[in-house]
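Below is one structure, written out as structure tokens; the observations come after it.
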Amino acid sequence: MRQFEESELTDEVIRSLDETSNPRLKLLLQELVRSLHDYVRRTGLTFEEWEKAIDFLTRTGQKCTPSRQEFILLSDVLGISMLVDAVNHRERDGATETTVLGPFYVGEHKPMPHGADISEGLEGERMYVEARVTDLGGRPLGGVPVDVWHADDDGFYDSQKPGYEEKGPSLRARFVTDGDGRLAFRSILPCSYPIPIDGPVGELILATRRHPMRPAHVHFLVAAPGYEPLITHVFIEGDKYLDSDVVFGVKNELVSKIELRDDPQMPDGRAASGPWHLMTYEFRLKPGHGTAPKPMLASAAE
Ligand SMILES: [Fe+2]
């Protein structure tokens, strides 16, 4: 019968994974064991704490549904999502900065024509968004699908509201760039919002006396063949939470000045019903490859 001293146990577990046929999986598992064992030793983890951790992770999983992703939220608030982003995007070469996907890329991104209003029937200050997709040399990229999604005037995504699966998407859509790399749409101005705090991640945020707020932003996922998929946000300048985003997702380059306009017409020539905000942004894509994530509930998005 084999019996191990505390110091030998880690080596023995790591050795037990030696025959893993996939070399990358072997590396990931052995390093995980090394880090977790080290954590237990360094903290002198008690049985009670270990049980609490198991219970926390169990409840995190149980909180997940097709439209609620508590594990992504946990990864986000612990800075893991941004660290994975950072180690995978060390060389930007002038390409637009990336940030977290977030837990709300869940629903159908219905293709809509340029100028469409993705906020149909919702209250809020009007906003017109003009964006352009180019390569690193500033040459336009046409025919590129761009998924957009953002929170409403009360700080909620469509997927957080009751009846989402029957009602379908709101404040989320897909636009395809024209020959000049451009896209445009109407919406409402997003506001800063709290991440959901009615689950285990919320308990963690409260126990650590952090605030749960994210600064106002619009999510963009730009997926052009032959280029790295770009997962990013455009943040709104002046938001009070830009310096303390609960998921550590803000990068200076992604903060955009939003202009308040009172022109009677929006840029596409259609009448404005009052003052409106103009958001503009240019996305520069880096050559490469990679697969863009798919929305978790998408049905007819392709
Ligand atoms: Fe968001």
Side-chain angles (χ1 to χ4, degrees), residues 63-82 84-85 96-109 118-119 122 124-125 127 129 131 146-161 164 169-175 185 187-199 201-202 205 210-223 229-256 258 277 279 281 283 292-298 301:
K63 195 73 185 168
C64 293
T65 69
S67 59
R68 168 88 184 241
Q69 233 307 346
E70 195 76 357
F71 262 114
I72 291 183
L73 201 60
L74 180 59
S75 166
D76 288 354
V77 304
L78 292 180
I80 309 293
S81 306
M82 280 309 286
V84 173
D85 178 73
T96 299
E97 291 287 353
T98 51
T99 187
V100 288
L101 178 69
F104 299 117
Y105 189 57
V106 297
E108 182 184 344
H109 288 246
I118 66 169
S119 66
L122 293 175
E125 296 180 37
M127 176 173 73
V129 179
V146 178
D147 287 349
V148 304
W149 65 108
H150 70 83
D152 69 12
D153 199 37
D154 294 320
F156 292 104
Y157 285 80
D158 53 2
S159 60
Q160 292 178 282
K161 297 181 200 169
Y164 166 67
S170 169
L171 296 178
R172 71 174 73 234
R174 169 171 294 181
F175 295 93
F185 62 94
S187 192
I188 52 173
L189 192 68
C191 61
S192 44
Y193 66 83
I195 59 163
I197 52 165
D198 60 340
V201 175
I205 291 294
R210 287 167 57 182
H211 74 65
M213 300 300 290
R214 297 218 61 209
H217 58 270
V218 178
H219 292 257
F220 289 88
L221 194 163
V222 186
L230 174 66
I231 297 170
T232 197
H233 305 357
V234 175
F235 293 93
I236 294 177
E237 189 182 68
D239 192 288
K240 68 189 269 205
Y241 297 107
L242 281 173
D243 289 330
S244 63
D245 183 3
V246 67
V247 306
F248 313 95
V250 179
K251 292 177 179 174
N252 291 342
E253 181 199 294
L254 300 176
V255 180
S256 171
I258 310 295
H277 301 267
M279 171 186 276
Y281 208 83
F283 300 104
K294 293 208 178 334
M296 283 178 280
L297 275 179

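This is a predicted model, so every value here is computed, not measured. Note that ligands are numbered from 1 as they come in the structure, with each ligand's atoms numbered from 1 the same way.
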Strictly under 2.8 Å, is the Fe ion (ligand 1) approached by any N, O or S atom of His233?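 Checking His233: none of its N, O or S atoms is under 2.8 Å.
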Taking 2.8 Å as the cut-off, does His150 contribute an N, O or S atom near the Fe ion (ligand 1), distance below it?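 For His150, the answer is no, given that no N, O or S atom comes within less than 2.8 Å of the Fe ion (ligand 1).
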Quick one: does [X]'s side chain get under 4.5 Å of [Y]'s, heavy atoms only?
X      : Y      : answer
Ile231 : Tyr105 : no
Val129 : Val218 : no
Tyr193 : Tyr157 : yes

Strictly under 6.0 Å, is that where the ring centroids of His219 and Phe104 end up? no
Take the Fe ion (ligand 1) as the vertex and measure to NE2 of His219 and NE2 of His217; round to 10°.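 Centred on the Fe ion (ligand 1), the NE2/NE2 angle is 90° (to 10°).
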